[in-house]
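Some notes on the structure that comes next.
Counting begins at 1 with the first residue of the sequence.
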Amino acid sequence: MKGLPPKRTFDLCLFGEKDVVVIEAKLCSRFESDQNKEFEKDLDQISDLLGIDKSRIKVVGLACSDYWDNFNKKGNKESQEFFAGKISWAKVAKLYSDPILAKADGMYRKELDKKKGGLQ
């Protein structure tokens, strides 16, 4: 009835007393500018649905350290300005002392090397 998509999922959504934080995670893929446009629609829809100001909704990206290094150097300006925060799998692994999360941080580099025909 409100024109919302029949199904929309987020990797993690945190609801505070006043703010909402949406965490979008990537492991071996990139955040694309088309996806940022979808995120922008999501912010509008969440704002309308919850009756809160759009500025109270933050999108945080979770990706590999190597990805963020490349993103900060070569990412387009629109994408760089979109995220309210950027978290690496390595930081999460350190916080929770989880070897699986630490391994996740290296997956982006492994995938790049595989695509380039490098070490696997």
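The hydrophobic cluster containing L12 does not contain F15, counting ILVMFWY residues as joined when their side-chain heavy atoms lie under 4.5 angstrom apart, directly or transitively. Hydrophobic clustering keeps F83 apart from V21 (ILVMFWY residues linked when any side-chain heavy atoms are closer than 4.5 Å, directly or through intermediates). Linking ILVMFWY side-chain heavy atoms closer than 4.5 Å, directly or via other members, places V59 and V20 in a single hydrophobic cluster. Hydrophobic cluster membership differs between I100 and Y108, with clusters built from Ile, Leu, Val, Met, Phe, Trp and Tyr side chains linked at under 4.5 angstrom. The same ILVMFWY cluster, assembled from side-chain heavy atoms under 4.5 Å apart, contains both I23 and V92.
Looking at heavy atoms from C-beta onward, D34 lies in side-chain contact with K37 at the 4.5 angstrom threshold. Two residues are said to be in side-chain contact when any heavy atoms from C-beta on lie closer than 4.5 Å; N70 and R30 fail this criterion. Using a 4.5 Å cut-off on side-chain heavy atoms (C-beta onward), I46 and L49 make no contact.
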Candidate pair L50 and R56, rule side chain to side chain contact (heavy atoms under 4.5 Å, CB included), full reasoning: CA-CA 11 Å; L50 299 179; R56 307 219 52 107; over 6 Å; no
Audit row: L43, F82, side chain to side chain contact (heavy atoms under 4.5 Å, CB included) steps and yes/no: CA-CA 11 Å; L43 296 178; F82 179 77; 4.3 Å; yes
Side chain to side chain contact (heavy atoms under 4.5 Å, CB included) evaluation trace for D42 with V22: CA-CA 10 Å; D42 292 335; V22 175; over 6 Å; no
Trace of the side chain to side chain contact (heavy atoms under 4.5 Å, CB included) decision for W89 with M107: CA-CA 10 Å; W89 289 105; M107 297 304 293; over 6 Å; no
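Distance check: K103 NZ to D98 CG gives 12.0 Å after rounding to the nearest 0.5 Å. Atom CG in D105 sits 9.5 Å away from atom CG in L27 (nearest 0.5 Å). For the atom pair NZ (K58) and CG (L14), the distance works out to 14.0 Å, reported to the nearest 0.5 Å. Rounding to the nearest 0.5 Å gives a distance of 9.5 Å between CG of N72 and OH of Y67. The distance from the OG atom of S47 to the CG atom of D53 is 6.0 Å, given to the nearest 0.5 Å.
Nearest heavy atom pair, residue A90 against residue S65, reads CB-OG, 3.6 Å. The two atoms that bring F31 and A63 nearest to each other are CE1-CB, 4.2 Å, heavy atoms only.
Between E40 and K54 there is a salt bridge, since a side-chain N of the basic residue sits under 4.0 Å from a carboxylate O of the acidic one. Between K26 and E24 there is no salt bridge, since none of the side-chain N atoms of the basic residue sits less than 4.0 Å from a carboxylate O of the acidic one.
With a 6.0 Å radius and a threshold of 12 heavy atoms from other residues, nucleotides or ligands, L95 has its CG atom above the threshold.
Formation of a donor-acceptor pair under 3.5 Å by the W68 side chain with backbone atoms of L62 is not found in this model. When atom types are taken as modelled, the side chain of S88 and the backbone of C64 share no donor-acceptor pair closer than 3.5 angstrom.
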